[in-house]
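Positions are given from 1, in the same order as the sequence printed here.
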Amino acid sequence: MGMAWRSGTQRIGCSQRVFPYISAMVNNGSLSYDHERDGRPTELGGCTAIVRNLHYDTFLVIRYVKRHLTIMMDIDGKHEWRDCIEVPGVRLPRGYYFGTSSITGDLSDNHDVISLKLFELTVERTPEEEKLHRDVFLPSVDNMKLPEMTAPLPPLSGLALFLIVFFSLVFSVFAIVIGIILYNKWQEQSRKRFY
């Protein structure tokens with residue numbers, strides 16, 4: 001999962017997007033962020049976050065519980081959370097990484113991430129929910145088609161590698177012997193023509 005901040009203003013058709021803008025996307029390694037369209041083709045949701053030149057800290061909460069992604073922000077300095085993005089059906093496997101990026105576009109801007117605090121929530125799950133959560137191998141979102149990735153081939157075992165090398169050498173020696181025999185017969189026939 002990734003979060004992107006972008007500064008500036010963009011007008012596409014009738015819809016205008018005011019930056020800085022918070023957007024979320026889920027990626028299984030087969031997608032790239034479309035900078036020309038500010039990530040709209042892969043965006044799950046987003047909101048404007050006016051955070052420039054403030055004299056207080058701003059906060060962002062990203063919560064992922066039971067396949068439900070929620071992003072809330074406190075950018076007014078009032079210690080009140082405001083909804084930004086809410087996406088049900090997000091499937092994130094265990095053991096992956098959390099990433100953030102800041103893209104400023106044509107304008108020069110500075111966004112500092114002072115700290116990230118990550119907490120693992122203890123959530124009561126039924127055995128069916130636990131099995132569903134355990135069976136997720138690639139990030140995905142319900143009702144959003146991500147391009148499939150081809151799984152890498154498992155590495156060869158030592159025995160398989162030995163057999164491949166051994167039979168390759170045997171075949172090479174056999175081919176060389178056959179080549180020498182054919183060459184000798186060819187030379188013998190070419191000598192007989194001159195007698």
Side-chain angles (χ1 to χ4, degrees), residues 1-6 23-45 60 62-71 85 87-103 113 115-195:
M1 184 182 76
M3 298 291 302
W5 290 78
R6 175 120 186 204
S23 66
M25 72 181 276
V26 170
N27 191 353
N28 63 8
S30 63
L31 300 175
S32 61
Y33 186 84
D34 185 355
H35 293 280
E36 295 295 319
R37 295 186 284 175
D38 294 316
R40 287 188 188 202
T42 55
E43 180 181 299
L44 296 177
L60 187 71
I62 303 168
R63 182 177 291 148
Y64 175 70
V65 178
K66 292 189 175 184
R67 298 186 175 180
H68 196 93
L69 176 67
T70 306
I71 299 175
I85 302 169
V87 183
V90 176
R91 300 168 187 258
L92 300 177
R94 296 177 182 173
Y96 275 61
Y97 299 97
F98 175 79
T100 62
S101 69
S102 175
I103 303 169
V113 176
S115 70
L116 289 174
K117 295 180 183 179
L118 305 174
F119 302 96
E120 183 174 355
L121 301 176
T122 304
V123 178
E124 294 292 325
R125 290 193 175 106
T126 64
E128 294 83 23
E129 288 176 328
E130 185 62 35
K131 183 182 180 320
L132 287 174
H133 186 72
R134 202 174 37 244
D135 291 343
V136 176
F137 296 108
L138 287 176
S140 65
V141 180
D142 292 348
N143 302 321
M144 181 179 175
K145 180 77 173 133
L146 295 175
E148 295 294 325
M149 286 184 55
T150 57
L153 295 173
L156 296 175
S157 68
L159 177 63
L161 188 59
F162 170 75
L163 291 174
I164 289 172
V165 170
F166 176 74
F167 284 114
S168 296
L169 287 174
V170 168
F171 177 75
S172 299
V173 169
F174 181 72
I176 290 171
V177 168
I178 296 292
I180 290 172
I181 291 171
L182 291 175
Y183 178 73
N184 286 337
K185 285 191 179 207
W186 176 76
Q187 268 191 332
E188 192 177 304
Q189 286 180 355
S190 64
R191 272 191 245 142
K192 287 182 182 177
R193 279 191 248 158
F194 294 115
Y195 293 116

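Remark: Leu116 CG to Ile62 CD1 distance equals 8.0 Å, nearest 0.5 Å. The CZ atom of Arg63 sits 11.5 Å away from atom CD1 of Ile71, with the distance rounded to the nearest 0.5 Å. The CD1 atom of Ile164 sits 10.0 Å away from atom CG of Leu159, with the distance rounded to the nearest 0.5 Å. Atom CZ of Phe167 and atom CZ of Phe162 lie 8.5 Å apart (nearest 0.5 Å).
Remark: Val165 engages Leu169 in a side chain to side chain contact (heavy atoms under 4.5 Å, CB included) (not counting sequence neighbours). Scanning for side chain to side chain contact (heavy atoms under 4.5 Å, CB included) contacts around Pro88 gives His68, with sequence neighbours left out. For Leu182, the side chain to side chain contact (heavy atoms under 4.5 Å, CB included) partners at least two apart in sequence or on another chain are Ile178.
Pairing each heavy atom of Thr42 with each of Met25, the nearest pair is O-CB, 3.3 Å.
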